Amino acid sequence: MRIATWNVASIRARAALVVDFLLREDIDVLALQETKCRPEQFPTAIFEAAGYQVVNHGFHAFNGVAFVSRHDMTDVTFGLPSLPGFGEQCLPTQPPGANGLPQEARALGVTVNGMRLWSLYVPNGRDLAHEHYAYKLRWLQALQQEVAGWLEAEPQLPLALLGDWNVAPLPSDMGDPDFVEGRSTHVSRPERQAFAAFESYLSDVVRPYVPHGYTFWEYRGGKYQADQGMRIDFILGSEGFSSAVTGAFIAADERRERQAAPGQKALKPSDHVPVVCEIAPELLGQSWEDEDDPMIWGL
DNA sequence: ATGGCAATCTTAGATTGA
């Protein structure tokens, strides 16, 4: 089965493109970020008509995370109280985060076929001197501590964190000349250290299959045409998840501009593209620790 | 070159994104 993540930059503007992608690439479960809508505004019917169930989390026209899945989703978790919030004042529907500021719709958890999956939209940070940057680092640290706790309690858990991490972990992940180490977000040492902290428990399940490739290209300045992108969307898996991954790809073609059909509105692409991994469900929950079992060699 | 592109709501200029 195929599991994917995609920052769609508005699900209402992109629903037809997303459904087309799901069917064309035979995707079973898709984690979405930047849905940019409240739950009742989500275009659920178009996904259900295509055979997908929908779970989504959003407070207003910013942020927003969701899952669409061909398989049943259980244990739906809307956000994590340990994560900090951001902004001025909570809406009536919006609980406070760990710091008392409004919790944002950036984390959604579901369980599918025994896999624990999270759709995550990491704050972008805006600028190294902006309070949003400090929020980003605190948010990542709080999430990492949650993950550590989950895996200490259940080391074999097939867990995957899918989403827009807004960090380019390696120098080769940053191809946008406007982003410079020491001056820009996404490439700073604290952000890269915050990302690396997850790799004590999880591994990037796509990198082994796609050593180089971007997942985002800025709309402005012809950056896609110049291939000045960045790799900031990742699927990080626990051992119990990673050991079931049999392939992966980045659907970079989804960043292309498409011709509008005659009389139709043009379908503009998201500035992010989908990241996909292939899972062999029968391998889920295995771990290197299983290799401690006695084995007979060379007979 | 502090622009440029896209989506949203406070509809026409501000805000957010990365």
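Below, chains carry the letters A, B, ... as their sequence lines are ordered, and counting in each starts from 1. Quick caveat, the model's predicted, so the values are computed rather than measured.
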Tell me: [atom1] of [X] to [atom2] of [N], nearest whole Å?
X	N	atom1	atom2	result
A/Asn63	B/dA7	CG	P	17 Å
A/Gln228	B/dA18	CD	P	18 Å
A/Tyr133	B/dG17	OH	P	16 Å
A/Leu17	B/dA7	CG	C1'	14 Å
A/His130	B/dG17	NE2	P	9 Å
A/Arg231	B/dA18	CZ	C1'	18 Å
A/Trp217	B/dG17	CH2	C1'	17 Å
A/Glu218	B/dA6	CD	P	10 Å

**Prompt:** Is it true that A/Tyr201 and A/Trp150 have ring centroids separated by less than 6.0 Å?
**Reply:** no
**Prompt:** Hey, do the aromatic rings of A/His132 and A/Tyr135 have their centres closer than 6.0 Å?
**Reply:** yes
Approximate separation, where rounding is to 0.5 Å, of [X] [atom1] and [Y] [atom2]:
X	Y	atom1	atom2	result
A/Thr185	A/His130	OG1	NE2	11.5 Å
A/Gln53	A/Arg70	CD	CZ	12.0 Å
A/Tyr214	A/Met230	OH	CE	9.5 Å

For DNA chain B, determine which residues of [range] have any heavy atom closer than 4.0 angstrom to one of its atoms, and list them numerically.
range	answer
residues 93-104 of chain A	none
residues 167-186 of chain A	A/Asp178, A/Phe179, A/His186
residues 219-227 of chain A	A/Tyr219, A/Arg220

Contacts under 3.5 Å, N or O only, protein and nucleotides 9-13 of chain B:
residue, atom, partner, partner atom, Å
B/dC9, OP1, A/Arg12, NH2, 3.4

Gap in Å between the two [atom1] atoms, one belonging to [N] and one to [M], rounded:
N	M	atom1	value
B/dA1	B/dA14	P	26 Å
B/dT15	B/dT10	C1'	10 Å
B/dA6	B/dT11	P	23 Å
B/dT2	B/dA18	C1'	15 Å
B/dG4	B/dT16	C1'	15 Å

**Asked** Considering heavy-atom distances to DNA chain B, does A/Ser10 or A/Pro123 have its closest nucleotide positioned more toward the 5' end?
**Response**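 Per heavy-atom nearest nucleotide, the more 5' residue is A/Ser10.
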**Message:** Using a strict threshold of under 4.0 Å (side-chain N to carboxylate O), is an ion pair present between A/Lys223 and A/Asp176?
**Reply:** yes
**Prompt:** Is A/Arg14 salt-bridged to A/Glu34, cutoff N-O under 4.0 Å?
**Reply:**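 Result for this pair is no, no salt bridge flagged.
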Looking at every strand, decide which applies to [X] at a 4.0 Å heavy-atom threshold: base, sugar-phosphate, or nothing.
X	value
A/Asn166	sugar-phosphate
A/Asn7	sugar-phosphate
A/Arg255	nothing

**Test applied, side-chain hydrogen bond (donor to acceptor under 3.5 Å, both in side chains); reference residue, A/Asp233; option that passes from A/Thr5, A/Thr215, A/Asn7** =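 It is A/Thr215, the one option of A/Thr5, A/Thr215, A/Asn7 that forms the side-chain hydrogen bond (donor to acceptor under 3.5 Å, both in side chains) with A/Asp233.
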**Item:** Phosphate OP1/OP2 of B/dA18: any A/His272 side-chain N/O under 4.0 Å
**Value:**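 Indeed, a polar side-chain atom of A/His272 lies that close.
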**Asked** For the side chain of A/Asn113 and the backbone of A/Met115, is there at least one donor-acceptor N/O pair under 3.5 Å apart?
**Response** no
Distance-only criterion, 3.5 Å: show the donor-acceptor pairs between side-chain atoms of residues 55-65 of chain A and protein atoms not counting sequence neighbours.
residue, atom, partner, partner atom, Å
A/His60, ND1, A/Phe62, N, 3.2
A/Asn63, OD1, A/Arg106, NH2, 3.1
A/Asn63, ND2, A/Glu104, OE2, 3.3

So [Y] and [X], do their side chains get closer than 4.5 Å, heavy atoms only?
X	Y	answer
A/Val18	A/Phe47	yes
A/Val167	A/Arg192	yes
A/Pro269	A/Tyr224	no

**Prompt:** Counting side-chain heavy atoms from CB outward, which of B/dG17, B/dA18, B/dA7 is closest to A/Lys268?
**Reply:** B/dA7
**Message:** Taking CZ in A/Arg183 as the centre, count heavy atoms belonging to other residues, nucleotides or ligands within less than 6.0 Å. Is the count above 12?
**Reply:**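 Not more than 12 within 6.0 Å, no.
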If you look only at distance, which donor and acceptor atoms sit under 3.5 Å apart when one is on a side chain in residues 78-94 of chain A and the other is two or more places apart or in another chain?
residue, atom, partner, partner atom, Å
A/Ser82, OG, A/Glu146, OE2, 2.5
A/Gln94, OE1, A/Leu91, N, 3.1
A/Gln94, NE2, A/Gln103, O, 2.8

